[in-house]
Amino acid sequence: SDKSIVRGESDSASLIKRFHNTEIHKAMKPDNAESEKIFNKIEFLRCELIGSAQLPGVKKNLLKIDQLNIKNALNKNKHLSKDDTFKLILKSYISNKSLPEEFFTISDPIIKPLTKVLKKIKVNYQKYIDNQKKFSKLALDLLKLVDNETKKSEKEDEVNSDDEDKQNELEEKKQES
């Protein structure tokens, strides 16, 4: 409902105001616009996680927002943005709570490289939640690793489609002779 969204969003804004240091954030943010968007979402998530740990009511309101965002995307048959997908996957990873099954049908393709990297690196983000600098450094590392993983899998896809093309050419030649 609208009330839940207003509640959750105002809780989120209050937590960001309380736990976010703009100077640290500005100094560490990536130059790339898309990465910056994700970096911002991760920082806001950090603030929300601190507040959620201290205030169960806030935790409930923020969870409600996540559920509504997923539900709205499903109803409108839309995909979640890359930064929202990133935030929800990381939140689920840090809080060790699984996302609803339908989330995976509406998530951005970033989900594949992100989940692959998270499985590989096994970082305890929770441990650094109160340290914005350290947490931001981990977020930047994660962004870089996901970016590399994305490029790697795109290369593999290219190689695979080249192989398929060659295979198709061979089939065609066989049929001609």
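- Side-chain contact check for Y125 versus L118: some heavy-atom pair is nearer than 4.5 Å.
- We find the CZ-CD1 distance between F103 and I70 to be 6.0 Å, quoted to the nearest 0.5 Å.
- The distance from the CE atom of M28 to the CZ atom of F135 is 11.5 Å, given to the nearest 0.5 Å.
- Within the 3.5 Å criterion, the main-chain N or O of G8 finds no donor-acceptor partner in the side chain of S12.
- Taken to the nearest 0.5 Å, the NZ atom of K97 stands 14.5 Å off from the CG atom of L88.
- The number of heavy atoms from other shown groups lying within 6.0 Å of CG (N124) is above 12.
- With respect to the salt-bridge test (charged N to carboxylate O, under 4.0 angstrom), the residues K112 and E149 do not qualify.
- F19 approaches Q132 most closely through the heavy-atom pair O-OE1, 3.9 Å.
- Atom CD of E101 is surrounded by 12 or fewer heavy atoms from other residues, nucleotides or ligands within 6.0 Å.
- Annotation: side chain of L68 is in contact with side chain of S4 (closest heavy-atom distance under 4.5 Å).
- By the criterion of side-chain heavy atoms lying less than 4.5 angstrom apart, applied directly or through intervening Ile, Leu, Val, Met, Phe, Trp or Tyr residues, I42 is grouped together with I129 in one hydrophobic cluster.
- Side-chain heavy atoms closer than 4.5 Å link hydrophobic residues (I, L, V, M, F, W, Y) into clusters, and following such links, even through other members, never connects I5 to L62.
- Scanning both residues, T115 and I111, for their nearest heavy atoms gives OG1-O, 2.7 Å.
- To the nearest 0.5 Å, the span separating CG on L49 from NZ on K59 amounts to 9.0 Å.
- Exactly one of I94, L145, L142, L138 qualifies for a side-chain contact (heavy atoms from CB on, under 4.5 Å) with V123. That residue is L138.
- With sequence neighbours left out, K60 forms a side chain to side chain donor-acceptor pair (under 3.5 Å) with no residue at all.
- With respect to D11 and R7, no salt bridge is recorded, no charged nitrogen being found less than 4.0 Å from a carboxylate O.
- Taken together through direct or relayed side-chain contacts under 4.5 Å among Ile, Leu, Val, Met, Phe, Trp and Tyr, L99 and L45 form part of one hydrophobic cluster.
- L15 and L63 end up in different hydrophobic clusters when Ile, Leu, Val, Met, Phe, Trp and Tyr side chains are linked at under 4.5 Å.
- Taking CD of Q67 as the reference point, atom CG of N69 lies at 10.5 Å (rounded to 0.5 Å).
- Residues V146 and F86 form a side-chain contact, since some pair of their non-hydrogen atoms from C-beta on lies under 4.5 Å apart.
- Side-chain atoms of E102 do not come within 3.5 Å of backbone N or O of L74 as any donor-acceptor pair.
- Looking only at side-chain heavy atoms (C-beta outward), K71 and N75 come within less than 4.5 Å of each other.
- Between the NZ atom of K152 and the CG atom of N148 there is a distance of 9.5 Å, given to the nearest 0.5 Å.
- Counting only residues at least two apart or in different chains, side chain to side chain donor-acceptor pair (under 3.5 Å) contacts with residues 23-33 comprise H25-N40.
- The side-chain heavy atoms of Y128 and K137, taken from C-beta on, include no pair separated by under 4.5 Å.
- Both F104 and V117 are assigned to one and the same hydrophobic cluster, defined by single-linkage of ILVMFWY side chains at heavy-atom distances under 4.5 Å.
- Sorted by first and then second residue, the side chain to side chain donor-acceptor pair (under 3.5 Å) pairs involving residues 78-88 (not counting sequence neighbours) are E34-K82, K41-D83, K41-D84, E48-K87, S81-D83, S81-D84.
- The shortest side-chain heavy-atom distance between S136 and E43 falls under the 4.5 Å cut-off.
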